[in-house]
Protein chains: 2
Amino acid sequence: MRLTTKGRFAVTAMLDLALRESRGPVTLAGISERQGISLSYLEQLFGKLRRNALVTSTRGPGGGYTLAREADDITVAQIIIAVDEPVDATQCAGRENCHDNHRCMTHDLWTDLNATLFNYLSNVTLGGLVRQHKAKETSVIHDKRVPEQAAASAAAGAA
Amino acid sequence: MRLTTKGRFAVTAMLDLALRESRGPVTLAGISERQGISLSYLEQLFGKLRRNALVTSTRGPGGGYTLAREADDITVAQIIIAVDEPVDATQCAGRENCHDNHRCMTHDLWTDLNATLFNYLSNVTLGGLVRQHKAKETSVIHDKRVPEQAAASAAAGAA
DNA sequence: AAAAATCCAAGTAAAATAATCGGATATTGA
DNA sequence: TCAATATCCGATTATTTTACTTGGATTTTT
């Protein structure tokens, strides 16, 4: 499984949706505006999310998207897989120069690593992210630092 | 941190190197042949790996690359970061439409997720992958199935 | 001196990402 | 019924990233 900005857009959009759907369907136009993602790109992503049964849609005025199940039952892994189609895992399957099979083995290892990563992201749910967000929200209120400093320290903690 | 085929190439190449460096420096030409990655692309990747002090090089005939430290002290996260330059984490830092700060928060969440992932991959070492590989090698010998079946089940286990 | 290797920069082809366009369809409410 | 709001959808395009190519140079060994 790959982890690109495309998956990140999808997770961000789904999170925006999860945080708002209690007030009814959420429009892509709204997500677009709030998250700075183009409407048409969101349409493409949500087409895939819908076909993967992660969201449901209601058309017409007052319509929009809703989570297809509870936020706790939607994982980050599912979102990423949904928007980031397969792209053949093995890549050496069927190739001719693979009978020295050293290559196959390193591929196997990568595949295993992938599986572990997938497993990890399968345990991160949208619901969990929402709770994390709400916890952070209150802590941010108590944060006396100016936004730049807070953002810098948050970024330093990451990759 | 992103997780693309580029990082996968780098990890695969480093694994190939780790599995062979006991017999002296490993040439990129050899890795290229075994792993099916173009020589020049490997040169680019190893330039970055060298500048990030993950490998050392010896020039001239009989030369090649060697791990700069023990395989147990080189992590998959380090390899991926080395070849996959920064690409600014926050992306909203400095943007004008960020004062409703809902966007910043979802970005924060993604950054946190990233950090956890990075932390996870920081615990996967080249040495660990090598041992995993060797364990698999013997088990593969005992696998009575034909290669196609074994490959299919391995692929199914992954993403 | 010749060969084997790393080094390096520039350019290019192919693929993926993100956006754009031009609609079609469904639904709501005035 | 009509207009507005939304999802849907396919095709096209621009941009960026990936992967490779080319044409060297430098270092070291034999």
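A note on names: the letters A, B, ... follow the listed sequences, proteins ahead of strands, and every chain is numbered from 1. Small disclaimer: the values here were computed from a predicted structure and weren't measured. Note: hydrogens, waters and symmetry copies are ignored here, and every other heavy atom, side chains too, is used.
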Side-chain N or O of [X] less than 4.0 angstrom from OP1 or OP2 on [N]?
{"X": "B/R8", "N": "D/dT18", "answer": "no"}
{"X": "B/R51", "N": "C/dT6", "answer": "no"}
{"X": "B/R50", "N": "C/dC7", "answer": "yes"}
{"X": "A/R2", "N": "C/dA15", "answer": "no"}
{"X": "B/T27", "N": "C/dA4", "answer": "no"}

Next item on the list: Please answer whether the main-chain N or O of B/T125 pairs with a side-chain N or O of B/T75 as donor and acceptor at a distance below 3.5 Å.
Entry: no

Next item on the list: Check every strand shown and say whether A/F46 touches a base, only sugar-phosphate, or nothing at a heavy-atom separation below 4.0 Å.
Entry: nothing

Notebook entry, point to check: Is B/G47 touching bases, backbone alone, or none of the nucleic acid, heavy atoms closer than 4.0 Å?
Noted result: nothing

Item checked: Parallel, tilted or perpendicular: ring planes of B/Y120 versus A/Y120, cut at 30 and 60 degrees -> parallel

Next item on the list: For the residue pair A/Y41 and A/F9, categorise the inter-ring angle as parallel (less than 30°), tilted (30 to 60°) or perpendicular (more than 60°).
Entry: perpendicular

Using atom [atom1] of [X] as one end and atom [atom2] of [N] as the other, report the distance to the nearest whole Å.
{"X": "B/L49", "N": "C/dT6", "atom1": "CG", "atom2": "C1'", "value": "14 Å"}
{"X": "B/K6", "N": "C/dA14", "atom1": "NZ", "atom2": "C1'", "value": "15 Å"}
{"X": "A/L45", "N": "D/dT7", "atom1": "CG", "atom2": "C1'", "value": "15 Å"}
{"X": "B/E33", "N": "C/dA5", "atom1": "CD", "atom2": "C1'", "value": "15 Å"}
{"X": "A/K48", "N": "C/dA18", "atom1": "NZ", "atom2": "P", "value": "11 Å"}
{"X": "B/I31", "N": "C/dT6", "atom1": "CD1", "atom2": "C1'", "value": "12 Å"}
{"X": "B/I80", "N": "D/dT18", "atom1": "CD1", "atom2": "P", "value": "12 Å"}
{"X": "B/L42", "N": "D/dT22", "atom1": "CG", "atom2": "P", "value": "16 Å"}

Check: So does B/R8 pair up with B/D84, basic N to acidic O under 4.0 Å?
Finding: no

Check: Does any pair with a residue in residues 37-49 of chain A pass salt bridge (charged side-chain N to carboxylate O under 4.0 Å, His left out), and if so which ones, sequence neighbours excluded?
Finding: A/K48-A/E85

Note to self: Protein within reach of the bases, or only the backbone? For nucleotides 20-30 of chain C, mark each nucleotide 5' to 3' as B, S or -, using heavy atoms under 4.0 Å.
What the structure shows: BB---BBBB--

Item checked: Among C/dC7, D/dC8, D/dT18, the one nearest A/S57 by side-chain distance -> D/dC8

Checklist line | Verdict with reasoning, A/M1 to A/L117, per side-chain contact (heavy atoms from CB on, under 4.5 Å) | finding: CA-CA 8 Å; A/M1 89 185 284; A/L117 175 65; 4.2 Å; yes

Check: Can you name the residues that form a side chain to side chain contact (heavy atoms under 4.5 Å, CB included) with A/R69, not counting sequence neighbours?
Finding: A/L54, A/D73, A/I74, A/Q78

